[in-house]
Amino acid sequence: MTSRPNQTEVTEFVLQGFSEHPSLRLFLTCCFLSLYTMALMGNILIIALVTFSAGLHNPMYFFLCNLATMDIICTSSVLPKALVGLLLEESTISFKGCMAQLFFLVWSLSSELLLLTVMAYDRYVAICFPLHYSSRMRPQLCGALAMGVWSICALNASINTGLMTRLSFCGPKVITHFFCEIPPLLLLSCSPTYVNSIMTLMADVFYGGINFVLTLLSYGCIIANILRMRSAEGKRKAFSTCSSHLIVVSVYYSSVFCAYVSPASNYSPERSKVTSVLYSLLSPTLNPLIYTLRNKDVKLALGRLFPSFSH
C-alpha cells in the first residue's frame, strides 16, 4: 500500500462483531461454539464416509465430499476469530490477517456456489439420462470439474484480495462485521474503489446470477422429466435423489443473495451479520444433517462405519 501525506496507514482493523449487543454475548458464544463444533464434526464425517465406503464412490458423493471440504474452510476462516471477539472486549485483526481471511472466505463461498451448480448438472444427467450416466459422468470428468471449480475460484479470490491490498486505509478502522468481507472494507477505504466495485459486481453476476440460472435450468429439466414418468414409485425415487441437494441450494442461495447481491452503498451491517451467520455457519452445519437424514445410501454407510448407529 502507498502512503499519503499527513495520513497514517491502517495496520490493523477492529472487528465490531456483536459488541453493540453485550447482553447477547454469552448466548451467541454458546450458539456459535455449538454450531461450529457440529459443522466440523458433520462435514468431517461426510468426508470419512465418502472416502471409506465403497458404496459412496460415485460422482454425487464425490462432489458432496468437495462441498464438505469447502464448508470446513468457510467456517474455519470465520468462526474462530468471531468466537475470540465474543469473549474479548475488543477484537483486532492485522491487515494481513484480514486479507487472508477475505481470501479463504471468497474462495470457499464462490467454490460452494459452483459446486452446487455442478451437483445440479450431475442430478440432471442421473435423472434425465440414467442409461448414459456412467459414460457421461466419468471419473476423469468429475475430477476435472472439481479441479476447475477449486482453481477458478482461487483465481477469483486472488484477484479480489489483490485489488483490496492496493487500496489505502487511513482510518476509521472499525469493520462493522464479525469478519473481513468486501462491502464493509470498501466503505473504509480512503482511495477510489471503482475497480473493486466492478470486479465484485462481475463476480456477483457470474457466481450468483449465471450459476443460479444454470441450477434452475437443471431442475426445470429434472422436474419436467419426473412429471413425464408414469410410475408413482419412479417419481418418488427420482425426487428423493435430488431433494437433499434442492434443500441445500435453497438455503444457501437465499442467504448469499441477501448478503451480497446489493450495491456497497446500500450495505446494511445488521442485515449482513444475520445473513452471514446463515451461509458461514448454519448452512455448513445443516448440509451434513440434510444429506445424512434424507439419504438411504449415506445412512447405510454410516451404519457400516458405526454399527451402533443402525440399531
Side-chain angles (χ1 to χ4, degrees), residues 33-79 104 107-109 111-127 130 133-134 136-150 153 215 218 222 236-252 279-311:
L33 184 59
S34 300
L35 290 172
Y36 181 46
T37 303
M38 289 175 63
L40 282 181
M41 292 178 63
N43 285 293
I44 290 172
L45 178 61
I46 289 290
I47 295 170
L49 285 174
V50 174
T51 303
F52 298 109
S53 301
L56 300 183
H57 289 176
N58 62 50
M60 176 181 173
Y61 299 109
F62 169 73
F63 293 126
L64 177 58
C65 191
N66 278 265
L67 184 68
T69 303
M70 275 303 171
D71 275 338
I72 292 173
I73 293 174
C74 180
T75 54
S76 297
S77 66
V78 169
L79 264 297
F104 284 107
W107 184 35
S108 58
L109 289 179
S111 293
E112 290 198 37
L113 288 170
L114 267 185
L115 277 170
L116 289 173
T117 304
V118 171
M119 292 170 77
Y121 173 73
D122 172 71
R123 293 299 84 204
Y124 160 73
V125 176
I127 291 172
Y133 181 72
S134 298
R136 287 199 178 193
M137 300 302 293
R138 298 184 307 276
Q140 296 88 340
L141 175 62
C142 294
L145 286 172
M147 187 61 69
V149 167
W150 287 65
C153 297
T215 303
S218 294
I222 288 171
R236 188 199 63 76
K237 187 176 179 181
F239 182 75
S240 68
T241 63
C242 60
S243 59
S244 299
H245 180 255
L246 192 56
I247 294 170
V248 170
V249 166
S250 301
V251 173
Y252 199 77
Y279 69 71
S280 68
L281 185 56
L282 195 59
S283 183
T285 304
L286 291 176
N287 287 354
L289 292 174
I290 293 170
Y291 277 104
T292 301
L293 297 177
R294 296 184 60 85
N295 193 297
K296 289 182 179 179
D297 293 336
V298 175
K299 284 193 282 188
L300 284 172
L302 195 58
R304 294 191 192 102
L305 197 62
F306 302 102
S308 59
F309 178 83
S310 58
H311 296 299

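Hydrogens, waters and symmetry mates play no part in the numbers below; they use all other heavy atoms, side chains included. Each residue takes its place number in the sequence, starting with 1.
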Enquirer: Verify, without hydrogens or angle tests, whether Ser77 (side chain) and Cys74 (backbone) share a donor-acceptor contact under 3.5 angstrom.
Expert: yes

Enquirer: Does any non-hydrogen side-chain atom of Phe63 lie less than 4.5 Å from one of Pro59?
Expert: yes

Enquirer: To the nearest 0.5 Å, tell me how far Leu64 CG sits from Ile46 CD1.
Expert: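 The CG atom of Leu64 sits 5.0 Å away from the CD1 atom of Ile46.
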
Enquirer: Could you check whether any side-chain N or O of Thr285 sits under 3.5 Å from a backbone N or O of Leu35, counting only pairs where one atom can act as donor and the other as acceptor?
Expert: yes

Enquirer: Taking Leu114 as the fixed residue, which of Leu145, Val149, Asn66 is the one that meets the side-chain contact (heavy atoms from CB on, under 4.5 Å) rule?
Expert: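 The option that passes is Val149.
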
Enquirer: Grab the two heavy atoms, one from Ser280 and one from Val78, that are nearest each other, plus how far apart they are.
Expert: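 Where Ser280 meets Val78 most closely, the heavy atoms are OG-CG1, 4.4 Å.
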
Enquirer: If you draw a 6.0 Å radius around OH in Tyr133, do more than 12 non-hydrogen atoms from other residues or ligands fall strictly inside?
Expert: yes

Enquirer: Report the distance from atom CG of Asp71 to atom CG of Asn287, rounding to the nearest 0.5 Å.
Expert: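 Here the rounded value is 5.0 Å.
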
Enquirer: If the condition is side-chain hydrogen bond (donor to acceptor under 3.5 Å, both in side chains), which residues does Thr51 pass it with, not counting sequence neighbours?
Expert: none

Enquirer: How about Tyr36 and Ser76: do any of their side-chain heavy atoms sit closer than 4.5 Å?
Expert: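 When only atoms from C-beta onward are counted, Ser76 and Tyr36 do touch, with a gap below 4.5 Å.
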
Enquirer: If we ignore hydrogens and angles and just use 3.5 Å, is the side chain of Asp122 paired with the main-chain N or O of Val118 as donor and acceptor?
Expert: no

Enquirer: Can you measure from CG (Asn43) to CE (Met70) and round to the nearest 0.5 angstrom?
Expert: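 Separation between the atoms: 12.5 Å.
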
Enquirer: Quick one: pull up CD1 in Ile47 and OH in Tyr61 and give me the separation to the nearest 0.5 Å.
Expert: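 Rounded to the nearest 0.5 Å, the CD1-OH separation comes to 16.0 Å.
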
Enquirer: How long is the span from the OG1 atom in Thr215 to the CG atom in Leu116, to the nearest 0.5 Å?
Expert: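 So the OG1 of Thr215 and the CG of Leu116 are separated by 7.0 Å.
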
Enquirer: Answer yes or no: is there a side-chain heavy-atom contact under 4.5 Å between Val125 and Tyr121?
Expert: yes

Enquirer: Under a 3.5 Å distance rule, please check whether Thr75 uses its side chain to pair with a backbone N or O of Ile72 as donor and acceptor.
Expert: yes

Enquirer: Please round to the nearest 0.5 Å and tell me the distance separating atom OG of Ser283 and atom CG of Leu109.
Expert: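 Here the interatomic distance stands at 10.0 Å.
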
Enquirer: When you measure from the side chain of Trp150 to the backbone of Trp107, do you find a donor-acceptor pair of N or O atoms at a distance under 3.5 Å?
Expert: no

Enquirer: In the structure I gave you, are the side-chain heavy atoms of Phe62 and Val50 within less than 4.5 Å of one another anywhere?
Expert: no

Enquirer: Work out which heavy atom in Met60 is nearest to a heavy atom in Met119; give both atom names and the distance.
Expert: O-CE, 4.5 Å

